[in-house]
Number of protein chains: 2
Amino acid sequence: MEGKSVAGRIHDANHRLTAAEKRAARGLLGSYPTLGLAPVAEFAQQSGASSATVLRFVSQLGYKSYPDFQRALRDELEERSKSPLQRSTANAGKAGGDEHFLDHFVTQAIGNLRGSAALIPASEFEDVCARLAEAKGACYLAGGRFTDFLAGYLEAHLRLIRPGVRRLDGRPATRGDQLIDVKAGDLAIIFDVRRYDESLVEVASELAARRAHIVLITDEWMSPVSRFAKLVLPCRTSLERTWDANGALFTLAEAIIARTTELSWATASKRMGSIERG
Amino acid sequence: MEGKSVAGRIHDANHRLTAAEKRAARGLLGSYPTLGLAPVAEFAQQSGASSATVLRFVSQLGYKSYPDFQRALRDELEERSKSPLQRSTANAGKAGGDEHFLDHFVTQAIGNLRGSAALIPASEFEDVCARLAEAKGACYLAGGRFTDFLAGYLEAHLRLIRPGVRRLDGRPATRGDQLIDVKAGDLAIIFDVRRYDESLVEVASELAARRAHIVLITDEWMSPVSRFAKLVLPCRTSLERTWDANGALFTLAEAIIARTTELSWATASKRMGSIERG
DNA sequence: TCAATGCTGAAATCAAAAATTCAGAGGGGG
DNA sequence: CCCCCTCTGAATTTTTGATTTCAGCATTGA
């Protein structure tokens, strides 16, 4: 228990934590470790809890005082900058493989998330959500080889909060049928990332011809679909590996879901209620 | 002068500093920025100067108080951990709505990611990837209402790197057919999050009866499937909103894909190559 | 529905750290 | 060699922030 990292202790104590204490934990993990180095009052305010709760949280972690906890954070920080690579050899218990893989991967994913948030103008994001919330006309969804699952995920949620949601599947044979009802002003959300899908360009061009309002969710290298899109939301996906990471697109989809729900709460909540019961 | 880094200010002010103040500067630079985040007394002791000198030093740098100086250090630290492409776009917005929604959402998602990394033992993660890479026996995938798309995403990638990957769909009618070939030692990966899917428990129990090795990817509240699982990878999903966020599960899936690819590179790369060409 | 338990944050208390003061040390110039 | 000026850190004061307390609130279980 003594020599454990702060993040590790949060893990251990997780089940003991009360609701407000978890808020504190989340806040800290969200901007780690800086928030913990701030005075209690600021920590409290930033994480949406009271000072008292933060103190209780820290004490749950096993520190006997707040300054004690801060010292632990500083030590960790110091440790990390001393030995960039070998830091968590401390808890390198038993598994033979690369202990840090998950940590390292998650760090990169976080970088992509932050990068994406910076890449996407707030106004465009808001615009998309507002259009979805208005629920005028239909909303079509499509994705490429892998991103089709993102489209599916988004569709499954949007169906709950508004009517007129359809997914376009990839089969060229049925494309005509699927697009036949598209009207001017309908919304279309297309996911497309590198190794871009040619058929999506065709779909997009068809949608554009029918005056649909196309939103493109893509990677930093920009799918060619952007040519037809009214709004483009680019995400960072880079990874020093075989594959790119689409986690940022996924989180963007979830953000859209959350924001749209919020914007259309009055109607969406009723709708969801009736679906529950039905 | 205002927006300058602390280290930069030290450089600029260097000639103005007295002997003892330089000792303080040297100490801070020596373990930057940690020492500056400590209380004055400790800073003083560690750097071999008195508290008063440290305070004078800080004031020379242009900060109006010690806490003010510490805040600058924390801000710097936070800034540094932010992504390569950053703030310029962040504050460029002009939309009327909730400017910070996406930023805020992303911050929470990051918290969930970090929390998940802390929650998942490296050994279990490695174990799952190693089993996948071995490619002995078949690998079944299943998910619930929303998480089915995660299962699909994982499946689409795993198919590229190893044989014997199947997805179990939700229809009870075909369940018998799907499970008929399950053999002892086969791998099964099940996704299940809150509002847990009852049918998944049944599937899991059937799989367990056939001695499959069940891996469960779930949220912090633990799907009841855990009863049958050999390995559980829990992720943080909490959000102060209507829905939980599954971004951490998604990223975990991507991490599994990346790690498994790495572990089985010799065989996987050939396989992927032939799929490309075929 | 109502008690009981436990969680929560506002306010009061208390401790610690930051700021200030000042006597004396050190060092350079006369 | 001595005086004067500047720098320095111990001691003191003041301010800030950590801790505790407690009344109200929510949640759970009967």
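Protein chains get the first letters and strands the later ones, always in sequence-line order, with residue 1 at the start of each.
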Taking only nitrogen or oxygen atoms into account, show me every contact under 3.5 Å that the protein makes with nucleotides 11-14 of chain C, one pair per line with its distance.
none

Original post:
Which class fits the ring pair A:F250 and B:F250: parallel under 30°, tilted 30 to 60°, perpendicular over 60°?
Top reply: parallel
Original post:
Checking A:S31 side chain against A:T34 main chain: does a donor-acceptor pair fall under 3.5 Å?
Top reply: no
Original post:
Is a side-chain N or O of B:E254 found less than 3.5 angstrom from the main chain of A:G247, in a donor-acceptor match?
Top reply: yes
Starting at atom [atom1] of [X], determine the distance to atom [atom2] of [N], rounded to an integer number of angstrom.
X     : N      : atom1 : atom2 : answer
A:K64 : C:dA15 : NZ    : P     : 15 Å
B:F69 : C:dA17 : CZ    : C1'   : 15 Å
B:K22 : D:dT8  : NZ    : C1'   : 16 Å
B:F43 : D:dG9  : CZ    : P     : 13 Å
A:D68 : D:dA18 : CG    : P     : 13 Å
A:Q70 : D:dG17 : CD    : P     : 11 Å
B:L55 : D:dT8  : CG    : P     : 14 Å
B:Y66 : C:dT20 : OH    : P     : 16 Å

Original post:
Is A:R71 positioned over the aromatic face of A:Y63, cation under 6.0 angstrom from the ring centre and no more than 45 degrees off axis?
Top reply: no
Subject >> cation_pi(B:R195, B:F146) dist<6.0 Å, angle<=45 >> reply: no
Please enumerate all protein N or O atoms sitting under 3.5 Å from an N or O of nucleotides 22-27 of chain C, with distances to 0.1 Å.
none

Original post:
D:dT8 phosphate, OP1 or OP2: any side-chain N/O from B:T18 under 4.0 angstrom?
Top reply: yes
Original post:
Can you check whether B:T53 has a side-chain N or O nearer than 4.0 Å to OP1 or OP2 of D:dG9?
Top reply: yes
Subject >> Residue whose nearest DNA chain D nucleotide is more 5′ - B:S50 or B:P67 >> reply: B:S50
Subject >> Salt bridge B:E124-B:K230, side-chain N to carboxylate O under 4.0 Å >> reply: no
**OP:** Would you mind reporting whether B:F191 and B:F149 have side-chain heavy atoms less than 4.5 Å apart?
**Re:** no
Subject >> Check: B:I120 and B:P234 side chains under 4.5 Å, non-hydrogen atoms >> reply: yes
**OP:** Assign A:A44 to base, sugar-phosphate, or nothing according to its heavy-atom contacts below 4.0 angstrom with the strands shown.
**Re:** nothing
**OP:** Measure from the side-chain heavy atoms of B:R23 and tell me the nearest of C:dT8, D:dT19, D:dG9.
**Re:** D:dG9
Subject >> Residue A:A20, side-chain atoms from C-beta onward, closest of C:dG9, C:dA18, D:dA18 >> reply: C:dG9
Original post:
Who passes side-chain contact (heavy atoms from CB on, under 4.5 Å) against B:L55, sequence neighbours left out?
Top reply: B:V40, B:Y66
